[in-house]
Amino acid sequence: MQMAGIRQNPAYHGEGDVLTHTELVCEALAGLERFRQLDERRRQAVFLAALLHDVGKITCTRFEDGRWTSPRHAAAGAAMARELLPDFSIELLCLLVRADILGRICGDQAALLEAVELCELLAEEQGCLAHPRVFPSRHTAFSYFSGRLDVPDCELYDDTWGEAVLMCGLPGTGKDTWIKEHCPELPVVSLDAVRAELGVSPAQPQKRVADEARARARALLRGKQPFVWNATSVTADLRRGLVELFTDYHASVRVVYLETEWEEELRRNAGRAAVVPEAAVRRMLARLRPPEPWEAHHVEWRCV
């Protein structure tokens, strides 16, 4: 297995390599009474998560400053496992984390287990341990998660006038096709189109393109005109800036994330009028972080 021989910092993983740790985590999980009490579907999901929880270390581990480290391995592993795992509740996540702690040799095991207990208590108190918290409205939920509302149980007056659709997905996932099929009547702010108009290639600096696209979006927002922002938008930071721009003008925001199989994505990209080099697509894939439910008023994930 590829996990064999992948080194770990002995201060946190005295048990050895990633494969040894993963085997111990699975054994610890199987020994937990709460795991055995789960129904078959949830047992399978949690066990698969245990098998994959450190898979990102295969590509992220390196020796740096005199120690073994695996920066961003959790995010990399999440991207690799996303298609195999269903959504997790905090209850199941805490069960997995408890097994992860028990499946390692470290000096702070007791403190880590206590932190898991506290997390479960807080989640139960907030009504989101076994299922997502229920909010009075989507607008209230978004306002709470974006830091605009301190009391999540009080419904916030919805002052939005219409919807800005923010597309998200790698080149070749079918964003243009989705727009034509689902909102053909809306004006589109397309970064590809702006690049073509300005004569800027994807390999050149993109500030002019971004500034022009934002200016067009602001004009639509000032006129309270629903529209589509069509770009890859692969990182959370990039999406956050756009969502803030749209909501500053009191628009409701819907993020639509599209994903397809890698070979199909490359085939579609090769058929585009403006082909994105495969190396560039792979760099975007490495940075890709699919949108989370709290990033906007509505978030959709679609496999196409």
Report, as yes or no, whether the 6.0 Å neighbourhood of atom [atom1] on [X] holds more than 12 heavy atoms from other residues, nucleotides or ligands.
{"X": "Glu114", "atom1": "CD", "result": "no"}
{"X": "Arg67", "atom1": "CZ", "result": "no"}
{"X": "Tyr249", "atom1": "OH", "result": "yes"}
{"X": "Glu117", "atom1": "CD", "result": "yes"}
{"X": "Asp39", "atom1": "CG", "result": "yes"}
{"X": "Glu40", "atom1": "CD", "result": "no"}

> Can Arg42 and Ser89 be said to form a side-chain hydrogen bond (donor to acceptor under 3.5 Å, both in side chains), step by step?
Replying inline: CA-CA 10 Å; Arg42 292 194 296 167; Ser89 65; 5.5 Å; no
>> Could you work out, with side chain to side chain donor-acceptor pair (under 3.5 Å) as the rule, every residue matching Glu295, not counting sequence neighbours?
In response: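 Here the qualifying residues are Arg239.
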Within [range] or reaching into it, pairs that qualify as ring pair (Phe, Tyr, Trp, His ring centres under 6.0 Å) - sequence neighbours excluded:
{"range": "residues 97-139", "result": "Phe135-Tyr144, Phe135-Phe145, His139-His297"}
{"range": "residues 185-241", "result": "Phe227-Phe246"}
{"range": "residues 178-221", "result": "Trp178-His182"}

Between [atom1] of [X] and [atom2] of [Y], what distance do you get to the nearest 0.5 Å?
{"X": "Lys57", "Y": "Thr22", "atom1": "NZ", "atom2": "OG1", "value": "8.0 Å"}
{"X": "Thr20", "Y": "His13", "atom1": "OG1", "atom2": "NE2", "value": "11.5 Å"}
{"X": "His21", "Y": "Ile105", "atom1": "NE2", "atom2": "CD1", "value": "11.0 Å"}
{"X": "Thr247", "Y": "Asp159", "atom1": "OG1", "atom2": "CG", "value": "10.0 Å"}
{"X": "Leu92", "Y": "Arg34", "atom1": "CG", "atom2": "CZ", "value": "9.5 Å"}
{"X": "Glu155", "Y": "Leu149", "atom1": "CD", "atom2": "CG", "value": "10.5 Å"}

>> Using the rule given for side-chain hydrogen bond (donor to acceptor under 3.5 Å, both in side chains), can you reason through Ser70 versus Thr61, listing the C-alpha separation, both sets of side-chain angles and the distance that settles it, and then say yes or no?
In response: CA-CA 4 Å; Ser70 305; Thr61 297; 2.7 Å; yes
> Restricting to pairs with a member in residues 133-142, which pass salt bridge (Lys or Arg N to Asp or Glu O under 4.0 Å), not counting sequence neighbours?
Replying inline: Arg133-Asp153
>> Taking the side chain as everything from C-beta on, heavy atoms only, tell me whether Gln109 gets closer than 4.5 Å to Leu112.
In response: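 No. Closest side-chain heavy atoms not under 4.5 Å.
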> In chain order, what residues pass the ring-ring contact (aromatic ring centres under 6.0 Å, His included) check against Tyr157, with sequence neighbours excluded?
Replying inline: none
